[in-house]
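Computed from a predicted model, the values in this text were never measured in an experiment. All chains are named by letter (A, B, ...) in the order of the sequence lines, taking the proteins before the strands, and each is independently numbered beginning at 1. Excluded from the calculations below are hydrogen atoms, water molecules and symmetry mates; all remaining heavy atoms, backbone and side chain alike, are included.
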Number of protein chains: 2
Amino acid sequence: MTKIPAKPKGAAVKPRTRIQRAKREAILEAGLDVFSQEGFRGATLDRIAKAAGLSKPNLLYYYPSKDAIHEALLRGLLDTWLAPLGAMDPDGDPLTEILSYVQGKLALSRDYPRESRLFANEILRGAPNMKPMLQTHLRQMVEDHAAIIRGWIDAGRIAPVDPVHLIFSIWALTQHYADFEVQVRAVMGEDHDPFPGAAAHLDTLFRRMLSPA
Amino acid sequence: MTKIPAKPKGAAVKPRTRIQRAKREAILEAGLDVFSQEGFRGATLDRIAKAAGLSKPNLLYYYPSKDAIHEALLRGLLDTWLAPLGAMDPDGDPLTEILSYVQGKLALSRDYPRESRLFANEILRGAPNMKPMLQTHLRQMVEDHAAIIRGWIDAGRIAPVDPVHLIFSIWALTQHYADFEVQVRAVMGEDHDPFPGAAAHLDTLFRRMLSPA
DNA sequence: CGTCCGTTTTACCGAATGGTCAAATAAGAC
DNA sequence: GTCTTATTTGACCATTCGGTAAAACGGACG
């Protein structure tokens with residue numbers, strides 16, 4: 001890489017080199033581990049640094065503060081966590097659309113439990129860093145989906161339900177298997193994988209609730 | 001109160017006087033506030049003491065450590081949180097039994113959201129202080145209830161479902177309105193009370209899922 | 001070689017935190 | 001009033017925490 005002029009000197013503002021990108025990625029990975037387990041206040045820079053294989057000052061060379069790491073992770077949640085929410089085709093078969101959304105969300109809980117717990121921790125604290133986003137972005141998303149669902153109901157294609165509470169139900173039921181994994185495993189046994197059973201159960205649940213009378 | 005011989009000198013071991021009981025109660029109340037909002041690590045003795053109207057050393061006179069307060073609160077959860085679980089009459093009408101259990105649990109979320117969030121925080125951290133209890137007490141409770149439900153299913157009195165996942169569903173759906181209250185309010189609007197709608201929705205949901213075919 | 005520049009480390013700082021101690025202060029019991 | 005015991009307080013401590021400063025390192029390029 002040849003010398004680039006006008007290189008902003010405020011070290012590590014945007015990931016330029018592959019190395020920087022990799023280290024910042026490692027830090028986010030470590031931060032996700034620690035924040036999702038311990039919550040924001042419980043997480044320490046030392047633990048994150050150690051988990052990322054860096055010294056604390058070195059970590060702070062890439063991210064200027066603990067808050068910065070946390071906020072970067074929360075911003076990342078928008079992609080990993082809320083993007084799959086964007087998929088509900090008003091022209092598709094209602095039950096199929098909803099059921100596959102449910103299964104997709106359940107798969108997220110299985111494959112990205114740390115992200116789910118990070119989000120849960122943030123909400124539990126009162127969402128100090130996400131409230132504006134929830135009140136705008138998420139709210140809009142819910143309203144859009146609710147409108148679609150309401151359309152299906154009005155057309156008699158699924159049984160009538162409150163669309164907003166239906167969406168809450170999907171979130172609650174799927175995220176439960178990530179956020180309360182410890183409880184689920186304590187009840188079902190440590191070696192028992194709860195997800196296949198959960199997938200079948202949720203399919204049954206929503207199918208029966210929504211099948212038109 | 002006359003002199004009691006062999007009075008254990010390790011100050012404030014068990015609440016003897018009315019005053020002691022009141023102060024310990026105030027501390028638990030303050031601790032519930034702070035722990036449920038901030039999580040274990042986020043809660044500080046200073047904040048708890050201030051919320052309880054005491055100085056920090058005075059607080060530590062009644063409870064020997066931060067852990068002691070936290071553990072006392074978690075022990076208390078068994079009564080406030082899991083006791084209403086004890087009520088499912090195998091000889092009652094299945095749907096009525098389950099639906100009233102659901103409504104009872106939802107009322108808990110409405111009336112004791114701090115307890116729900118305290119529990120959620122503990123589970124999210126991996127339940128370091130409750131795991132043994134979950135694996136014994138709670139597991140047993142779930143198995144007992146599952147057996148009752150399975151009996152109802154075998155008798156054809158409700159539609160077949162996985163009883164354990166059914167119980168998880170009830171917990172997830174009801175606790176969601178306490179633990180994710182901020183999100184619910186952000187989506188529905190701050191002034192909108194979600195609980196009436198939730199009650200109706202959950203009644204519909206479980207009724208449709210469980211009504212025999 | 002030296003120099004430049006991004007990176008890493010060592011040493012450190014001030015504030016916060018969980019907790020202690022001993023002295024001061026209520027609060028009965030007699 | 002006085003003795004005893006329970007309670008409260010202020011001063012303090014060791015550790016941890018988030019963060020800083022500056023020096024040392026290391027590779028790319030002339």
Side-chain angles (χ1 to χ4, degrees), chain A residues 1-27 30-31 34-35 37-73 128-129, chain B residues 1-27 30-31 34-35 37-73 128-129:
Chain A
M1 183 176 153
T2 57
K3 198 185 288 185
I4 291 174
K7 192 182 295 182
K9 94 153 262 289
V13 174
K14 283 281 166 186
R16 284 182 286 275
T17 76
R18 216 140 288 132
I19 301 163
Q20 276 204 17
R21 199 181 291 268
K23 296 234 166 168
R24 293 180 132 242
E25 188 51 47
I27 290 169
V34 180
F35 280 124
Q37 260 181 46
E38 316 277 349
F40 179 74
R41 301 267 332 249
T44 73
L45 287 178
D46 285 286
R47 280 201 54 176
I48 299 173
K50 198 166 145 191
L54 299 171
S55 64
K56 184 170 60 173
N58 196 11
L59 179 153
L60 288 164
Y61 172 76
Y62 289 100
Y63 282 94
S65 69
K66 179 177 166 180
D67 276 273
I69 304 173
H70 191 241
E71 280 165 26
L73 284 169
N129 284 321
Chain B
M1 180 178 145
T2 56
K3 198 184 286 182
I4 292 174
K7 194 183 293 183
K9 94 153 261 290
V13 174
K14 282 283 165 184
R16 283 183 286 277
T17 76
R18 215 142 287 130
I19 302 164
Q20 276 204 18
R21 197 182 292 268
K23 295 234 165 166
R24 293 180 131 239
E25 188 51 46
I27 289 169
V34 179
F35 279 124
Q37 260 181 47
E38 316 277 349
F40 179 74
R41 299 268 330 249
T44 72
L45 286 179
D46 286 286
R47 281 201 52 177
I48 298 173
K50 198 166 145 191
L54 299 171
S55 65
K56 186 168 59 171
N58 197 9
L59 180 152
L60 288 164
Y61 171 76
Y62 289 101
Y63 282 93
S65 69
K66 179 177 165 179
D67 275 274
I69 304 173
H70 192 242
E71 281 166 25
L73 283 168
N129 284 320

Output the rounded distance in Å from [atom1] ([X]) to [atom2] ([N]).
X	N	atom1	atom2	value
D67(B)	dG19(C)	CG	C1'	12 Å
Y63(B)	dG18(C)	OH	P	17 Å
L45(A)	dT15(D)	CG	P	21 Å
D46(B)	dG10(D)	CG	C1'	14 Å
K66(B)	dT17(C)	NZ	P	9 Å
R24(B)	dA6(D)	CZ	C1'	14 Å
R47(A)	dT15(D)	CZ	C1'	17 Å
F40(B)	dT17(C)	CZ	C1'	12 Å

Identify, between G42(A) and L60(A), the residue whose nearest nucleotide on DNA chain D lies closer to the 5' end.
G42(A)
Between atom OH of Y61(A) and atom CZ of R24(A), what is the distance when rounded to the nearest 0.5 Å?
10.5 Å
Can you tell me how far CG of L54(A) sits from CD1 of I27(A), rounded to the nearest 0.5 angstrom?
5.5 Å
Give me the atom names and distance for the closest heavy-atom approach of A26(B) to A52(B).
O-CB, 3.9 Å
Counting only side-chain heavy atoms from C-beta out, which of [options] sits nearest to [X]?
X	options	answer
Y61(A)	dT8(C), dT20(C), dG18(C)	dT8(C)
T44(B)	dT17(C), dT8(C), dC17(D)	dT17(C)
N58(B)	dT7(C), dT9(D), dC17(D)	dT9(D)

Under 4.0 Å, counting only non-hydrogen atoms across every strand here, what does A43(A) touch: a base, just sugar-phosphate, or nothing?
sugar-phosphate
Are F35(A) and I48(A) side-chain neighbours, meaning at least one heavy-atom pair lies under 4.5 Å?
yes
R41(B) side chain to A43(A) backbone, donor-acceptor under 3.5 Å
no
Please answer whether the main-chain N or O of F40(A) pairs with a side-chain N or O of K66(A) as donor and acceptor at a distance below 3.5 Å.
yes
Taking for each residue the nucleotide of DNA chain C with the nearest heavy atom, is it L59(A) or R41(A) whose nucleotide lies nearer the 5' end?
L59(A)
Is there a side-chain contact between Q20(B) and the phosphate of dT7(D), meaning an N or O under 4.0 Å from OP1 or OP2?
yes
Go through the structure and list residues passing side chain to side chain donor-acceptor pair (under 3.5 Å) with E38(B), not counting sequence neighbours.
R47(B)
Kindly state which residues belonging to residues 48-57 of chain A come within less than 4.0 angstrom of DNA chain C, counting heavy atoms of the residue only, listed by number.
S55(A), P57(A)
